[in-house]
J.: 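The structure under discussion is supplied below as structure tokens; questions concerning it will follow.
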Amino acid sequence: MAAAAATTPSWQPQEQGFKEICGLLEQQISHSSSADKAQIWQHLQRYSHLPDFNNYLAFIFSRAEGKSVEVRQAAGLYLKNNLRNTFKSMQPAYQQYVKSELLPCLGATDKHIRSTAGTIISVVVQIGGVVGWPELLQALVNCLDSNDLNHMEGAMDALSKICEDIPQYLDSDVPGLAERPINIFLPRLFRFFQSPHASLRKLSLGSVNQYIMLMPSALYVSMDQYLQGLFILANDAAAEVRKLVCAAFVQLIEVRPSFLEPHLRNVIEYMLQVNKDTDDEVALEACEFWSAYCDAQLPPENLREFLPRLIPVLLSNMAYADDDESVIEAEEDGSQPDRDQDLKPRFHVSRFHGSDEVEDDDDDVVNTWNLRKCSAAALDILSNVFGDEILPTLMPIVEAKLSAGGDDAWKDREAAVLALGAIGEGCINGLYPHLLEIVAFLIPLLDDKFPLIRSISCWTLSRFSKFIVQGIGHPKGYEQFDNVLMGLLRRILDDNKRVQEAACSAFATLEEEAAEELAPRLEIILKHLMTAFGKYQRRNLRIVYDAIGTLAEAVGGELNQPVYLDILMPPLIEKWQQLSNSDKDLFPLLECFTSIAHALGTGFAQFAEPVFRRCINIIQTQQFAKADPAATTGVQYDKEFIVCSLDLLSGLAEGLGSGIESLVAQCSLRDLLLHCCVDDAPDVRQSAFALLGDLARVCPVHLHPRLSEFLEAAAKQLEISKVKEAISVANNACWAIGELAVK
């Protein structure tokens, strides 16, 4: 049966237009075509200005039987993208034409056409709502009730996309309908839970899961039926269905744990089983349950009796999989230059006034979430909830894995070191009497032949930094601190990029804990860091900058000695001179200089003038680029250049004190700063008001000519709407007003 009777269309395509658009689409998708894709794109764009262009695309998609599925699909995808921008401005008759052509495609014999139709339908509903398309709901119901697999799958595909993109639309009142659409669809979705077709079981369960957060009353009152359905699907033959069952239990425990309470033992038992599923994605989804359970602050005793069975599963899943990208990457040569795609996007966090603390991800080495990381996170949170209770189960397994000999067992040894790091916070009391031995055991692993054992040993040692630093007071402890310090410095100069990254991050953590205790070792630390600076590729260079900045903050004025500055500053200044004002590699260097200026205080005076001038230049260039993007050749506006430069100027003002006055007197900083105080980006304003407050303290006289404008800009940040929008900006503005008032 047809999804909906196609009415005789009032619009008909012209033969020539049909042929030309089909021809362009064929060239666009052809792999062999030598035609210039950009030119074809421009041709299609020209057509897109015709009022009935979308009609042509809809016609080709739904009716061009003689054309290949690829061409029809290309027309459909082009139509989807075009409708996003043009649907609302189309003539109502043309809108109606496109809709009427889409509905019969729900039951198309080709799966790709059905799926593309579902995608386009979801976009049309996003734009016009369900109200604007009453025939759609009827067509979907007809298809779902048809017993024809193509029609059921096509409708289910479209419905699942609507549930994913705009679930709230189906849980709204629709004029002319006695009940909300979700009430009509939910019983049909539940019925499909028992379909013999895995595709229908997957799509229907995925659709219902989208409503756990919204919890419409239709689902609330059918909760028993939903849970029954989940239990029936729990051991489904299709991995994708089992994964969705796990996802449902995880979401329910997060937002509606009371529904699961009567069934909790069964759910925990089930999750424990699927945590060992042969399909990694199912096991990963199940593993999310343990952290979700603990985060929901449910009674720990429900989990307690399962710990002896759960902990071995987590440990077993913490070993690297053979195809883990980290294992493959670990073989890379450290001297290979990084490609642009290897550089993760970075986000500048102001080190000064009012910046909201951002938690660093401990294991940010490779950011793909996987079963290994999820298991380690679960062990971490369980150790925080149950503390030392887990040690009798955990430690014998860890010890057995650590003592596993031979090259084949390296992944087990690595997982055991990861486990020690994961429990390093939650089980610290139970581990405390053994920490000297644990650390002594880890130090030689820094020199292991397997790079991933070297890198995880860096991380795990960093988790015990507090203890390692506390031990400095007695001889054995000092020797151990020194061994850890030298071990990490050795690894900073490792040839493997993964190890370099882990060692630098671990060293930065140790620096924060050790602070002035590092002073006696400053020369050797600086020599290692600056050797790394000369050796590293671009991605890891950022971490060296961070380690240098953290070192400066940790030792403060101790750094202000010629012997140290002679090691530290020449390579940084050389890099500073190499980078252009529009090179993003300048960001971490600006941040690094900010910390150094802060630490050296007046000792930074000898380096201050070129640094100060360049910051002014960068801000000026960026403001020009923003005001007139076309005029500034080669410079693209990026507010982060301004934020980093303002923060460095703040560092100079704090470090040099009134010594900055001669620099401020010679330039246009005041006018540039005022511009930044009224910028539309909150992070620019945040750093601008921090600098305003710093300048008010050390050289207020240079602000006086425009004082009233500065005060007006600052006062504006204290309006309720602004405070709600950006509390950190308001804090800094308030502080700056106070500093100006005092002067």
Side-chain angles (χ1 to χ4, degrees), residues 140-141 143-147 149 152-153 155-157 159-160 162-164 167 170-171 179-277 279 281-290 292-293 296 298-299 302-303 305-306:
L140 289 172
V141 168
C143 287
L144 293 175
D145 294 350
S146 70
N147 281 331
L149 183 58
M152 292 190 293
E153 256 191 18
M156 209 43 257
D157 182 88
L159 189 56
S160 73
I162 294 169
C163 291
E164 188 178 343
L170 297 186
D171 186 34
E179 50 188 340
R180 293 180 171 190
I182 188 65
N183 299 29
I184 299 166
F185 289 120
L186 205 54
R188 292 173 166 84
L189 294 173
F190 286 148
R191 201 171 64 235
F192 278 155
F193 281 14
Q194 298 183 48
S195 164
H197 305 286
S199 58
L200 294 178
R201 297 197 300 276
K202 177 192 128 187
L203 290 168
S204 59
L205 177 53
S207 301
V208 180
N209 285 2
Q210 296 295 336
Y211 286 92
I212 294 175
M213 295 291 179
L214 287 176
M215 196 51 70
S217 55
L219 180 57
Y220 190 91
V221 299
S222 320
M223 188 48 70
D224 282 344
Q225 193 182 351
Y226 177 38
L227 291 173
Q228 277 316 111
L230 289 174
F231 289 129
I232 290 167
L233 293 173
N235 296 308
D236 199 278
E240 285 180 309
V241 175
R242 296 198 301 281
K243 181 178 164 187
L244 287 167
V245 172
C246 293
F249 285 138
V250 169
Q251 282 192 58
L252 283 167
I253 206 79
E254 284 173 342
V255 296
R256 298 281 174 165
S258 56
F259 287 135
L260 288 185
E261 263 170 33
H263 313 280
L264 203 51
R265 283 186 65 81
N266 289 341
V267 172
I268 293 173
E269 190 67 62
Y270 170 68
M271 287 309 214
L272 196 48
Q273 289 311 312
V274 266
N275 210 159
K276 298 182 279 198
D277 201 282
D279 185 290
E281 286 194 20
V282 177
L284 171 58
E285 201 60 62
C287 192
E288 299 283 2
F289 182 80
W290 315 115
Y293 184 93
L298 294 164
N302 296 326
L303 266 189
E305 65 176 282
F306 294 95

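Note that these values count all heavy atoms, side chains included, but never hydrogens, waters or copies made by symmetry.
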J.: Taking the side chain as everything from C-beta on, heavy atoms only, tell me whether Leu189 gets closer than 4.5 Å to Leu159.
T.: yes

J.: How far does CG of Asn183 sit from CG of Leu170, to the nearest 0.5 angstrom?
T.: 10.5 Å

J.: Please round to the nearest 0.5 Å and tell me the distance separating atom CG of Asp157 and atom CG of Leu203.
T.: 6.0 Å

J.: Which atom pair, heavy atoms only, marks the closest approach of Phe190 to Ser222?
T.: CE1-CB, 3.6 Å

J.: Decide, yes or no, whether a salt bridge links Asp279 with Arg242 under the criterion of side-chain N to carboxylate O below 4.0 Å.
T.: no

J.: For Glu254, give me all partners under salt bridge (charged side-chain N to carboxylate O under 4.0 Å, His left out), at least two apart in sequence or on another chain.
T.: none

J.: Atom CZ of Arg188 and atom CE of Met152: how far apart are they, to the nearest 0.5 Å?
T.: 13.0 Å

J.: Check the angle between the aromatic planes of Tyr226 and Phe193 and answer parallel, tilted or perpendicular using the 30° and 60° thresholds.
T.: tilted

J.: Taking atom CD of Gln228 and atom CD1 of Ile232, what is their separation to the nearest 0.5 Å?
T.: 6.0 Å

J.: For side chain to side chain contact (heavy atoms under 4.5 Å, CB included), just list the numbers for Ser207 and Met156, CA-CA rounded to whole Å, side-chain angles, deciding distance to a tenth of an Å, and then say yes or no.
T.: CA-CA 9 Å; Ser207 301; Met156 209 43 257; 3.5 Å; yes

J.: Might you confirm whether atom CD of Glu240 has over 12 heavy atoms from other residues, nucleotides or ligands at distances under 6.0 Å?
T.: no

J.: Find the distance between CD1 (Ile253) and CD (Glu261) and round it off to the nearest 0.5 Å.
T.: 8.0 Å

J.: Are Met271 and Val250 side-chain neighbours, meaning at least one heavy-atom pair lies under 4.5 Å?
T.: yes

J.: State whether the side chain of Arg201 and the backbone N or O of Pro196 hold a donor-acceptor pair below 3.5 Å, judged by distance alone.
T.: yes

J.: Is the shortest heavy-atom distance from the side chain of Glu288 to the side chain of Leu284 under 4.5 Å?
T.: yes

J.: Should the pair Tyr220 and Phe259 be assigned to parallel (<30°), tilted (30 to 60°) or perpendicular (>60°) ring geometry?
T.: perpendicular

J.: Counting only N and O atoms by type, is there a donor-acceptor contact under 3.5 Å from the side chain of Asn209 to the main-chain atoms of Ala247?
T.: no

J.: Please tell me if the side chains of Leu252 and Leu230 come closer than 4.5 Å, counting only heavy atoms from C-beta onward.
T.: yes

J.: Do the side chains of Phe231 and Val245 get nearer than 4.5 Å, heavy atoms only?
T.: no

J.: Quick one: do Leu205 and Leu233 satisfy side chain to side chain contact (heavy atoms under 4.5 Å, CB included)? Show the steps, please.
T.: CA-CA 9 Å; Leu205 177 53; Leu233 293 173; 3.8 Å; yes

J.: Any donor and acceptor pair, going by atom type alone, linking the side chain of Tyr211 with main-chain N or O of Leu219 inside 3.5 Å?
T.: no

J.: Could you measure the distance from the CG atom of Leu200 to the NZ atom of Lys202? Nearest 0.5 Å is fine.
T.: 11.0 Å

J.: Determine the interplanar angle of the Phe289 and Tyr293 rings, folded into 0 to 90°, and report it as parallel if under 30°, tilted if 30 to 60°, perpendicular if over 60°.
T.: tilted

J.: State, to 0.1 Å, how close Val282 and Ala239 come at their nearest heavy-atom pair, and which atoms those are.
T.: CG2-O, 3.3 Å

J.: After noting the C-alpha distance and the side-chain angles of His197 and Phe192, does the key distance pass the side chain to side chain contact (heavy atoms under 4.5 Å, CB included) rule?
T.: CA-CA 9 Å; His197 305 286; Phe192 278 155; over 6 Å; no

